[in-house]
Amino acid sequence: MRALGEPLLWHAVRGLLQCGSVGQVIVLAPPQQVAVCSAMLQPLAETRVKVVTGSAGRADWVRSALAVGAVQPSDVVLVHDPARPFTPAATVGAVIDAVRAGASAAVPVEPVTDTIKVVDSAGVVCGTRDRSLLRSAQSPHGFRAEVLLRADPADPLGALGGEVRTVTGHPRGRRLASPFDVAVMEALLTVEGTS
């Protein structure tokens with residue numbers, strides 16, 4: 001998928017690099033996508049970016065990225081979703097700062113503004129969630145490298161429980177999962193004058 005004429009991956013990587021606190025970006029791609037991802041990122045002409053082949057399982061992917069990046073146990077590692085390509089640099093920086101300040105992990109969040117209904121297996125409403133305590137998680141997720149290595153790769157934030165700090169997210173951190181999402185984001189960026 002593309003936004004503003006460029007692939008979402010290109011925007012996501014460029015956004016991380018513009019943060020000012022990111023020393024390197026490792027893009028993990030399936031073997032058949034390495035050349036495609038490399039070509040997408042070529043216009044950035046950035047030596048801090050490496051595209052590498054991911055392994056079979058998610059845990060192996062994380063270990064591969066940490067090994068390629070020669071990451072030290074105390075380093076801050078960001079796990080970013082390229083479908084959230086317009087996360088502002090200030091949000092990325094806040095995640096990094098929270099981990100540097102002692103959090104095992106940090107995630108940007110926004111309050112949930114919709115009413116959330118609980119339904120049973122037949123699709124019948126059986127309750128309403130109190131949204132005052134609900135938050136919508138964004139990315140990047142930040143970790144100390146040693147914490148990420150020992151966390152459950154399927155849900156590293158969930159496995160850490162009370163060790164995860166939240167930082168203020170941003171509307172531009174929303175996930176772009178459809179052409180409609182892209183159109184809304186492009187309109188927002190145009191209004192803000194950041195496109």
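Values reported hereafter were calculated over all heavy atoms of this structure, with side chains retained and with hydrogens, waters and symmetry mates removed. These numbers were taken from a predicted model, which means no experiment stands behind them.
Within the 4.5 Å cutoff, the side chain of Gln18 has no heavy atoms near those of the Val92 side chain. Proximity of Leu157 to Phe143: side-chain heavy atoms (C-beta onward) are separated by under 4.5 Å at one or more points. Proximity of Leu188 to Val184: side-chain heavy atoms (C-beta onward) are nowhere separated by under 4.5 Å. Contact annotation: the side chain of Arg144 never approaches that of Val77 to less than 4.5 Å [non-hydrogen atoms, C-beta and beyond]. You'll find the side chain of Thr115 reaches within 4.5 Å of the side chain of Thr128, heavy atoms only. The shortest distance between side-chain heavy atoms of Leu17 and Glu46 falls below 4.5 Å. Val167 has its side chain out of reach of Val109: every pair of non-hydrogen atoms, C-beta onward, lies at least 4.5 Å apart. A heavy-atom distance below 4.5 Å is found between the side chains of Leu78 and Val95.
The side chain to side chain contact (heavy atoms under 4.5 Å, CB included) test with Val76 is passed by exactly one of Val99, Val22, Leu148: Val99.
In plain terms, the two heavy atoms of Gln138 and His170 that are nearest each other are NE2-O, 2.9 Å. Nearest heavy-atom pair across Cys126 and Asp120 is SG-N, 3.9 Å. Closest approach of Arg84 and Ser139 over heavy atoms only: CD-OG, 3.4 Å. Residue Ala83 comes nearest to Leu8 through the heavy atom pair CA-CD1, 4.4 Å, listed as atom of the first residue, atom of the second, then distance. Considering every non-hydrogen atom in both Ser104 and Glu163, the closest pair reads OG-OE1, 2.8 Å. Taking each heavy atom of Pro7 and Arg2 in turn, the nearest pair found is CG-NH1, 3.7 Å.
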- [ ] Apply side-chain contact (heavy atoms from CB on, under 4.5 Å) to the pair Val13 and Leu44, showing each step before the final yes or no.
- [x] CA-CA 9 Å; Val13 170; Leu44 291 173; 3.7 Å; yes
- [ ] Let me see the working for Val49 and Gln24 under side-chain contact (heavy atoms from CB on, under 4.5 Å), right down to the final yes or no.
- [x] CA-CA 6 Å; Val49 178; Gln24 62 179 328; over 6 Å; no
Task: Chi angles and distances behind the salt bridge (charged side-chain N to carboxylate O under 4.0 Å, His left out) call for Arg172, Glu192 - done: CA-CA 11 Å; Arg172 283 195 281 135; Glu192 289 182 349; 3.1 Å; yes
- [ ] Run the numbers on His80 and Leu16 for side-chain contact (heavy atoms from CB on, under 4.5 Å), then give the verdict.
- [x] CA-CA 9 Å; His80 193 37; Leu16 289 171; 3.9 Å; yes
Task: Verdict with supporting geometry, Cys19 and Ile96, side-chain contact (heavy atoms from CB on, under 4.5 Å) - done: CA-CA 10 Å; Cys19 168; Ile96 293 168; 4.2 Å; yes
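The cluster map of Ile, Leu, Val, Met, Phe, Trp and Tyr, joined by side-chain heavy atoms under 4.5 Å apart, puts Leu160 and Leu66 in the same cluster. Connection of Val27 to Val34 is established within a shared hydrophobic cluster, with ILVMFWY side chains joined at heavy-atom distances below 4.5 Å, either directly or through further cluster members. In this structure, Met40 is not a member of the same hydrophobic cluster as Leu4, with clusters built from ILVMFWY side-chain heavy atoms closer than 4.5 Å. Leu176 and Leu9 are not part of a single hydrophobic cluster, where members link through side-chain heavy atoms under 4.5 Å apart.
Salt-bridge check for Arg175 with Asp81: passed, with a basic side-chain N closer than 4.0 Å to an acidic carboxylate O.
No more than 12 heavy atoms of other residues, nucleotides or ligands lie within 6.0 Å of CZ in Arg129, so this atom counts as exposed by the packing criterion.
A donor-acceptor pair under 3.5 Å is formed between the side chain of Asp181 and the backbone N or O of Ala177. Between the side chain of Asp114 and the backbone N or O of Ile116 there is no donor-acceptor pair closer than 3.5 Å. Within the 3.5 Å criterion, the main-chain N or O of Gly23 finds no donor-acceptor partner in the side chain of Arg48. With hydrogens and angles disregarded, no donor-acceptor distance shorter than 3.5 Å links the side chain of Arg131 to the backbone of Leu134. Under the 3.5 Å distance criterion, the side-chain polar atoms of Thr91 are left unmatched by any main-chain donor or acceptor of Thr87.
In this structure, a donor-acceptor pair under 3.5 Å is absent between the side chains of Thr166 and Arg135.
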